[in-house]
Structures are given as structure tokens and as C-alpha cells.
Amino acid sequence: QVQLVESGGGLVQAGGSLRLSCAASGRAFSLTAAGWFRQAPGKERDLVAAINWNGGSTYYPESVKGRFTISRDDAKNTVYLQMNSLKPEDTAVYYCAATRAYGLRYAAVDFDSWGQGTQVTVSS
């Protein structure tokens, strides 16, 4: 497994921006795909962004497409999630996840390493 630590969450007004960071240690993080999920109270954990092993492919669900951007800096063993035009419905705990696969993965069960989560709260 790889150890993941998220940072960058906080309270922001609607329309604002936040950048989340996920620092990795352990196995060769640069050779595996990663993703960001979020979970609001009483709801399932949903994928909001995924990136393949070299950053050449990304995926976003319609709910965040055009507003969120996932990227990676393998020299720093870090994955980022830039969130713009935030909405109150984006409020959730955001989790970074890593998988042993090279290619994009979309389901939570496909990821074997998880961070502790960081709270993002968007006020209206």
C-alpha cells in the first residue's frame, strides 16, 4: 500500500476556489493511477476525479466537469485537485485514493489506499 495525506480543505464561499493536495509515500506512487472521492453525510462515497499513472488521461463526472481539475507532480509524489466555482453541494469530506493499476479507475473498490480525508465546506 501507499500512505496518503490530504491537505487544503476548509471553508469557502460559493463561487470560490480551493486546491487540495495529496502527499504519497510508500510504493512507487508515480507508476499508479489515483483519484479523488467525496462523501457527504448520509451519502455514498463518489468519485470526483481520476488520473492515470502518467497524467495523460483524466476523468470527471458531469457534476464537476469544467470546475475541477486533477493533476499530479510525481517529482513531489503529490496529486492535486483544483476546485473552482464551488457550490454548496460540493460540501463533503474529500478523500485521495491510489490504486495499483496504471489506467483510470472509477469505483471505490478498485482503490486500495486511502487518505484520512479533508473537509470542504462551501457556504451559500
Salt bridge flag under 4.0 Å for residues Lys76 and Asp74: no
Any pair counted as disulfide (SG to SG under 2.5 Å), so long as it reaches residues 44-86, sequence neighbours left out: none
Contact check, side chains of Thr69 and Tyr60, non-hydrogen atoms, under 4.5 Å: yes
Nearest-0.5 Å distance, OG1 of residue Thr99 to CG of residue Asn52: 11.5 Å
Side-chain heavy-atom pair Gln116, Val5 within 4.5 angstrom cut-off: yes
ILVMFWY network linking Leu81 to Ile51, side-chain heavy atoms under 4.5 angstrom: yes
Joint hydrophobic cluster, Phe37 plus Val48, side-chain heavy atoms closer than 4.5 Å: no
Closest non-hydrogen atom pair, Phe29 against Ala34: CZ-CB, 4.1 Å
Non-hydrogen side-chain atoms of Asp112 and Arg100 separated by less than 4.5 Å: yes
Nearest-0.5 Å distance that lies between atom CG in Leu47 and atom CZ in Arg105: 12.5 Å
Interatomic spacing from CZ in Phe111 to CG in Leu4 - rounded to 0.5 Å: 10.5 Å
Validation row: Val120, Thr91 side chains within 4.5 angstrom (heavy atoms): no
Any side-chain heavy-atom pair of Met83 and Ser17 under 4.5 Å: no
Spacing of CG belonging to Asn84 relative to CG belonging to Leu86, to within rounding of 0.5 Å: 7.0 Å
Least distance between heavy atoms, Pro61 atom then Ala49 atom: CD-N, 4.5 Å
Apart from Leu31 itself, residues in the same hydrophobic cluster as defined by side-chain heavy atoms under 4.5 Å: Trp53, Tyr102
Separation of Cys96 SG from Glu6 CD (nearest 0.5 Å): 5.5 Å
Pairs satisfying disulfide (SG to SG under 2.5 Å), at least one member in residues 29-75, at least two apart: none
Short side-chain to backbone donor-acceptor contact, Thr118 and Gly9, under 3.5 Å: yes
From Phe68 atom CZ to Ser85 atom OG, the distance as rounded to the nearest 0.5 Å: 9.5 Å
Closest non-hydrogen atom pair, Ile70 against Ala50: CG2-O, 3.6 Å
Side chain to side chain donor-acceptor pair (under 3.5 Å) partners of Asp46, counting only residues at least two apart: none
Pairs where residues 34-43 contributes a residue and the test side-chain hydrogen bond (donor to acceptor under 3.5 Å, both in side chains) is met, not counting sequence neighbours: Arg38-Asp90, Arg38-Tyr94, Gln39-Arg45
Ala33 versus Gly103, closest heavy-atom pair with distance: CB-O, 3.2 Å
Considering all heavy atoms, the nearest Val93-Gly117 contact: CG1-CA, 3.8 Å
Co-membership, hydrophobic cluster, residues Trp114 and Leu104, 4.5 Å side-chain: yes
Other ILVMFWY residues reachable from Tyr80 by side-chain steps of under 4.5 Å: none
